Amino acid sequence: MLGFHIVKRKNMEWWKAWLVRIGSILLGALVCAAVTVFLTGKDPVNVFTTMVDGAFGTERRIWSLLQGIAMLLCVSLAVTPAFKMRFWNIGAEGQALMGGLASAACMMFIGDRFPNWLMLIVMAVTSMLAGAIWAVIPAIFKARWNTNETLFTLMMNYIAIQFVSYFICVYATGGSGKIDVINPVTHTGWLPAIGGKSYLLNIIIVLILTVIMYIYLKYSKQGYEIAVVGESENTAKYIGINVPKVIIRTMIISGLLCGIAGFLLVSGADHTISRDTIAGRGFTAIMVSWLAKFNPVVMILTSFLLVFFEKGSIEVSQLCGLNASFSDIITGIIIFFIIGSEFFINYQIKKNEKEVKAS
Amino acid sequence: MAEVPAIELKNITKTFGETIANKDICLEVRRGEILSILGENGSGKTTLMNMISGIYYPDHGQIFIDGKEVEIKSPKDAYDYKIGMIHQHFKLVDIFTATENIVLGLEDEGRYNLKKSAAKVKEIADLYGFVLDPNKKIYDMSVSEKQTVEIIKVLYRGADILILDEPTAVLTPQETQRLFAVLRRMKEDGKSIIIITHKLNEVMEISDRVSVLRKGEYIGTVSTSETDESALTEMMVGKKIELNIDRSEPHDTADRLIVAGLNCTNRENVKVLDNVSFTAKSGEILGIAGIAGSGQRELLEAIAGLQRLDGGSIIYNNPKTEMQEDLRNKTPIQIRELGVRLSFVPEDRLGMGLVGNMDLTDNMMLRSYRKGKSAFVERGKPKALAEQIVEELEVVTPSVSTPVRKLSGGNVQKVLVGREIASSPTVLMAAYPVRGLDINSSYLIYNLLNQQKEKGVAVIFVGEDLDVLIALCDRIVVLSSGKVTGIVDARKTTKEEVGLLMTKTFEEGGKD
C-alpha cells in the first residue's frame, strides 16, 4: 500500500489559490531555465533576460507581442462559449481559416469596386458567415444525431485547409506557389493603421469583443443557458431548455467570432492567405480558454502568458541555434505546471493514518 | 453437530461517510446450500456481498472461510478463496467472444490457449446444463446468455461460493426457471450459492435458507421450509414504527391530474410503464410505493414532460380556467405555457433538479430566468428568494453565493424543495425527497409537503420507506415492474399489504 492518499479539499481561499498558481508558474520557469541551461550551457539569468528581450525588447516586438495576444485571445473568445457548453470545438482553426479565406477572396475579387470602409464591412460579414457555416455543420449533426463533435470539428479543419490549398493553387501569383500580399498598392481591404500603429485597431476590436463576451456569458439569458447545458444536460431538459437549439445557437456565435479572427488576421495583419494563417491558434486557444476557466477577462492573462513564452523562447532558440521546437518545449513545461497547480488547489495529499486492525 | 460453514461473517460493519451501510452483520453460508439475502432497497445487501467479494473492505468485523479467518482485500483475493460474484450489471467486453471474456485477466500460463479454454468452458457448461456457444460474441448475446458467461467466468476460476446479485431482475420467467435449474445442479455439486433478491416468490422457490437485512442491520435467518411470504415480509419491512407526522383529513378535494393507460418502453425495449392509471386529487398526498426501478422515475418524468410515452393520457384539470389539458408528450415549456403550475423535485437532486457548480441564486433562477423580455438575466429577485429560503428552511450555507454542491445533502434538498414550492404549484411531485436526510430535515420536508396539501396542492410523493408512506400519504399507488398492482387507503392499509403488492408479479396478479 502507498503511504498516502488523496483527498478533495473543502475550499481554498482565492488568494491562496492564486499564490499556488503564481508559485507554480515560477517553478515552471525554473524548470524551463534548467532545461535551457542543459541544452545550451548558457547562464540561466541570461536566458531569462533574452526571453524578456524577445518579447519586450523593441517597440516593434512589443507591438508584435500585443498583436499575438490579441489574435490568440480572439480565437479563445470564440471557442469559450462552446467549451463552456462542453461542446468540444476542436475546429476553431478551420473556422477561422474559412473566415480568413472569405476575407482574402473579397480582397482579390471585389477589388476597388467599393470604397474601403464598405469593403471592410463586406469582408467582415462574409468572414463571419464563413466561420459560422463551418461551425454550425457539426453543431447540427450533434444536435440532431448526437454525433461526436470532437472528431467532426477536427475533420472540418482538414477540409478547410484543403479548400485554402486549392484556392492557393488556382490563384497563386505567378507560379510562386503562394499568394502574395493582396492589393499592396491600393491597400483595399486593409484595416487602417491608427496613428501609424498598424495593429492598434486589431487590438481595440479584440478588447471590445472581450468585454462583450464577458457580459454575454455572465449576464445574458443565453449565457446562463450555455452554463446550464454545460454543467448538466439533464437539468437543462428538466427546466425546459431546448438543448439542440442552444447547441446550434452557441456554435453559430463561436463560428462568427472565429470568422472575425480570420478577418483580422488577413485584413489587419497578413494581407494574404496561406494554409498557415491561423498558425495553430485554434488549438492553443482551447488551452487559453480552459486555463482561464472560461472567464474572458482572465483569458487576457493566459493568452499573454502563452504568447510571451512563445516569443521569448523563439528569441532564445535563435540565439542558441536551436530550432522552433524549443519554444514548444518551453510552452509545454509552463502549461504542465499551470495545469498541475489546479490539482493542488482542488486536492490535498494526506499521509495514511495507521490502519486499525479489525479485532 | 459441528459442520463448519463455508463462509462465516462476524460483526461486519461498513460505513460510507456518515451513512451506515452494514452494522454488526453476522451470517453463515453452508456448503451445498442456496442462501437468499432478502431486503428492501438500501438495506445493505449488495454492500455486504461486495465485502465478501473483495470490492469493499469492512471497517470492522471478521470473515471466516472454512473456519479460518481471512482478509479479502481485492477481487483477486476473493478468487483465491474460491469466491466469485456475478454482479447485477455485467462487466463484459462486447466485441470479445464468451471464451475470451472468460479467460480475460487470467495469467496462469503467460499466453492464452483459446482452444483449450473453449473446451473447458464447454465442459463446465455441459456439467451444469448451461446452453452456451463459447465462440459467440457478447454483442450477439441475449441478456440471459450474458449472465451465463458471467456465471461460467466465475466457475472457470474455480469458485465454490457464488454470489448472484439480483440475478432474475433482467430475466423472463422461462429464463428464470432455467437459471434455477442450473443453480440446483450446482448446489448438488456441493457449491454454496448466495442470491441477493427482494422477490419473495423466488426466495421461497429456490433457497434453503433466507437471511433478512433491514436498513443495514441483520434481522435473522430462517429455513424456507419453516416460513411463508407474509412472515418474511414482516421481517423485511419490520414492525410498524410510530411516526409523528400530522396528517389532516383532506378537504375540498377535486380531481387534479387524471393519468390513464400510460405505456412507456425504454431504450432497451423493456416496458417500464404498463397501462398505468390513477388520479391525483388536490388537497391530498398521493404516495407511490414500489421497489426501486419499478417505473417511478419514468412516471414522474412523463408527467413533467421529460419522457416520451407510447400511449395513454395525462389530463390536467386547470382550477382557474376549468379547462382540461392533456400533458402527454408536451415539453416542460409547453406545459408551463398552458398555465399548468407543476413543480417537480426529482430524485437526482444535483444532476437534474439543481446545478451543483452554480450558487444558490443562480439555482433559483433555473425556474424563473426566462421571465421578461430583456436579453439579460435579473438576479435581484432570485437572490431575495434564495435568502428567504435560507432563512425559512434554515439552510446551513456560508452565503447565497456558495455553489450548492458544497452544501450537505439535507441542505441541498431544502434548496430544491424550497424553490419548487416557491412557484406556488397546483401539482407538486417529489421523488424520494428524504433520501439520505437526517431525521430533522426529513420532518421539515414532511411538514412542507403537508402545508402544500393543506393549501390545496395535489402532492405526489414517491417514497421507499413504507412507514413514512403510510403515515404521510392519504392514498398509495403501488407499482411493480411498471404496473399498478394496487391503490390503497393509507389510513387503512398495513405495511405487509403494501409490501406484498410491491413484490407481486403480474402473473400472480391475474390469478388473485
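Not measured: the values here are computed from a predicted model. Chain letters run A, B, ... following the sequence lines, proteins first, then strands; residues in each count from 1.
Between B:I314 and B:I303, the closest heavy-atom pair is CD1-CA, 4.0 Å. What you find for A:A17 and A:I345 is that their closest heavy atoms are O-CD1, 3.6 Å.
The environment of B:K383 atom NZ is sparse: at most 12 non-hydrogen atoms of other residues, nucleotides or ligands sit within 6.0 angstrom. Under a cut-off of 6.0 angstrom, the local environment of CZ in A:R86 is crowded, with over 12 non-hydrogen atoms contributed by other residues, nucleotides or ligands. The local environment of CH2 in A:W14 is sparse, with at most 12 non-hydrogen atoms from other residues, nucleotides or ligands closer than 6.0 Å.
At a 4.5 Å heavy-atom cutoff, B:N11 makes no contact with chain A through either its backbone or its side chain. Contact annotation for B:M365: both backbone and side-chain heavy atoms come within less than 4.5 Å of a heavy atom of chain A. At a 4.5 Å heavy-atom cutoff, the contact between B:L354 and chain A is made by backbone atoms alone. Using a 4.5 Å cut-off between heavy atoms, B:K371 touches chain A through its backbone atoms (N, CA, C, O) alone. Only the backbone of B:A375 comes within contact range of chain A, judged by heavy atoms closer than 4.5 Å. Contacts between B:L306 and chain A at a heavy-atom distance below 4.5 Å involve the side chain alone, from C-beta outward.
In this structure, the ring of A:F294 has its center no less than 6.0 angstrom from the ring center of A:F83.
Contact annotation: the side chain of B:I12 never approaches that of B:D24 to less than 4.5 Å [non-hydrogen atoms, C-beta and beyond]. Contact annotation: the side chain of B:R379 approaches that of A:Y219 to within less than 4.5 Å [non-hydrogen atoms, C-beta and beyond].
At a heavy-atom separation below 4.5 angstrom, chain B is approached by A:S232, A:N234, A:T235, A:K237, A:Y238, A:I239, A:G240, A:I241 within residues 232-248 of chain A. Identified by a heavy-atom distance below 4.5 Å to chain A, the contributing residues of residues 341-348 of chain B are B:F344, B:P346, in residue-number order.
Between the side chains of B:Y369 and B:E378, no donor-acceptor pair of N or O atoms lies under 3.5 Å. Inspection of the B:R405 and B:N357 side chains reveals an N or O donor paired with an N or O acceptor under 3.5 Å.
Using a distance-only test at 3.5 Å, with no hydrogens or angles considered, a donor-acceptor pair links the side chain of B:K330 to the main chain of B:D326. No donor-acceptor pair under 3.5 Å is formed between the side chain of A:T302 and the backbone N or O of A:L291.
With chain A as the partner, the residue from B:G356, B:G305, B:P58, B:S374 showing the most heavy-atom pairs under 4.5 Å is B:S374.
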TODO: Before giving the answer on side chain to side chain donor-acceptor pair (under 3.5 Å), spell out for B:E69 and B:Q62 the whole-Å C-alpha distance, their side-chain angles and the decisive distance to 0.1 Å.
DONE: CA-CA 7 Å; B:E69 181 171 0; B:Q62 293 156 290; 3.2 Å; yes

